[in-house]
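Below: the structure, in C-alpha cells.
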Amino acid sequence: MPEVRVVSTVLHAMAVVIFGLLAWSGADGIRSGVPELGVPMLITGVAGSAGALVIVSSVLRRRHGTADQRAARIGMAVAAVVTVVVGVALAPAGWERGFVIAVNAGVGVLLAVFAALAGK
C-alpha cells in the first residue's frame with residue numbers, strides 16, 4: 001500500500017504544477033490582452049491547482065475519501081462549468097469564436113475529468 005501512496009502523491013503533485021502553469025498562462029493571457037482565453041484558463045488553473053493541493057495534502061496524511069477531498073472535487077467540477085460559461089460569454093464574435101469556445105470547453109472538460117478521477 002505504501003507504493004500506491006507514493007504514486008498518488010507524485011501524480012497529484014504533478015497536477016499541482018501543471019495546473020499552476022495553466023494559471024500562469026491564463027494570467028499572462030489577460031495581461032497580453034487576450035481575456036477570451038486567459039480568464040477561463042486562469043479559473044481552471046487556480047481551481048485545479050488548489051484542488052490537487054488539497055488532495056495531495058490529505059494523501060500525505062494517509063486519509064482517503066475525506067470531506068476536504070470531496071469539497072475539492074466538487075469545487076473543481078463547479079469551476080469546470082464556470083470555465084465553459086465564461087469562455088462562451090467572452091468568446092469574440094468573429095470567425096475565431098468557435099475556436100475559442102472549443103479550447104475553453106476542452107480545458108473545462110479536462111478539469112472535470114481530473115475532478116472525477118482525483119483522490120481515488
Side-chain angles (χ1 to χ4, degrees):
M1 193 72 164
E3 300 85 23
V4 172
R5 192 177 116 210
V6 169
V7 170
S8 181
T9 301
V10 169
L11 290 176
H12 285 92
M14 286 174 47
V16 171
V17 172
I18 291 168
F19 281 114
L21 290 172
L22 187 62
W24 184 18
S25 174
D28 188 54
I30 293 169
R31 186 188 57 80
S32 299
V34 190
E36 303 86 11
L37 292 171
V39 172
M41 288 194 183
L42 181 63
I43 293 168
T44 300
V46 169
S49 187
L53 190 60
V54 168
I55 292 170
V56 77
S57 70
S58 68
V59 168
L60 287 173
R61 292 183 315 220
R62 298 177 191 238
R63 297 181 179 170
H64 299 284
T66 59
D68 55 347
Q69 280 189 4
R70 284 189 297 279
R73 293 172 72 196
I74 290 169
M76 288 187 289
V78 169
V81 173
V82 170
T83 296
V84 175
V85 170
V86 168
V88 170
L90 292 177
W95 61 269
E96 62 274 349
R97 180 173 176 82
F99 172 75
V100 170
I101 290 172
V103 168
N104 292 330
V107 170
V109 165
L110 291 175
L111 179 60
V113 168
F114 178 71
L117 299 176
K120 296 276 180 174

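Nothing here was measured: the structure is a model prediction, and the numbers come from that model.
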**Message:** Could you report the tightest heavy-atom contact between F114 and G48, atom names first, then the distance?
**Reply:** CE2-O, 4.3 Å
**Message:** Under 4.0 Å between a side-chain nitrogen and a carboxylate oxygen: does that hold for R61 and D68?
**Reply:** yes
**Shortest non-hydrogen contact from L53 toward V56** = O-CG1, 3.3 Å
**Asked** Hey, mind stepping through Q69 and V59 against side chain to side chain contact (heavy atoms under 4.5 Å, CB included) and telling me if it holds?
**Response** CA-CA 9 Å; Q69 280 189 4; V59 168; 4.2 Å; yes
**Item:** Within one Ile-Leu-Val-Met-Phe-Trp-Tyr cluster: L110 and V107, side-chain cutoff 4.5 Å
**Value:** no
**Complete:** On a heavy-atom basis, the closest approach of A80 and G108 is CB-O, 3.2 Å
**Item:** Non-hydrogen atoms of E36 and P92 that approach each other most closely
**Value:** CG-CD, 3.8 Å
**Prompt:** Would you say S32's side chain and D28's backbone share a donor-acceptor pair under 3.5 angstrom?
**Reply:** yes
**Request:** Please examine the side chains of V34 and L37, heavy atoms only from C-beta on, and report whether any two atoms are closer than 4.5 Å.
**Result:** yes
**Message:** When you group the ILVMFWY residues by side-chain heavy-atom contacts below 4.5 Å and let the links chain together, are V109 and V39 in the same group?
**Reply:** no
**Message:** Determine whether V85 and V82 satisfy the following criterion, side chain to side chain contact (heavy atoms under 4.5 Å, CB included), listing intermediate values before the conclusion.
**Reply:** CA-CA 5 Å; V85 170; V82 170; 5.7 Å; no
**Message:** Is the shortest side-chain heavy-atom distance between F19 and L111 below 4.5 Å?
**Reply:** yes
**Request:** Indicate the atoms forming the closest heavy-atom contact of A72 with I55, along with that distance.
**Result:** CB-CG1, 4.4 Å
**Asked** Would a 4.5 Å heavy-atom cut-off, applied to side chains only, mark H12 and V54 as touching?
**Response** no
**Request:** Let me see the working for R73 and R70 under side chain to side chain contact (heavy atoms under 4.5 Å, CB included), right down to the final yes or no.
**Result:** CA-CA 5 Å; R73 293 172 72 196; R70 284 189 297 279; 5.6 Å; no
**Asked** Taking all non-hydrogen atoms of both residues, which atom of P40 and which atom of V86 are closest, and how far apart?
**Response** CG-CG1, 4.2 Å
**Message:** Has N104 got a side-chain atom pairing as donor or acceptor with L90's backbone, closer than 3.5 angstrom?
**Reply:** no
**Asked** Do V100 and L22 sit in the same hydrophobic cluster, where Ile, Leu, Val, Met, Phe, Trp and Tyr count as joined when their side-chain heavy atoms come under 4.5 Å apart?
**Response** yes
**Request:** Without swapping roles, check the side chain of S49 against the backbone of V46 for a donor-acceptor pair under 3.5 Å.
**Result:** no
**Prompt:** Shared ILVMFWY cluster between I74 and V84, side chains joined below 4.5 angstrom?
**Reply:** no
**Message:** Between M41 and I30, is the side chain to side chain contact (heavy atoms under 4.5 Å, CB included) condition met? List the steps.
**Reply:** CA-CA 10 Å; M41 288 194 183; I30 293 169; over 6 Å; no
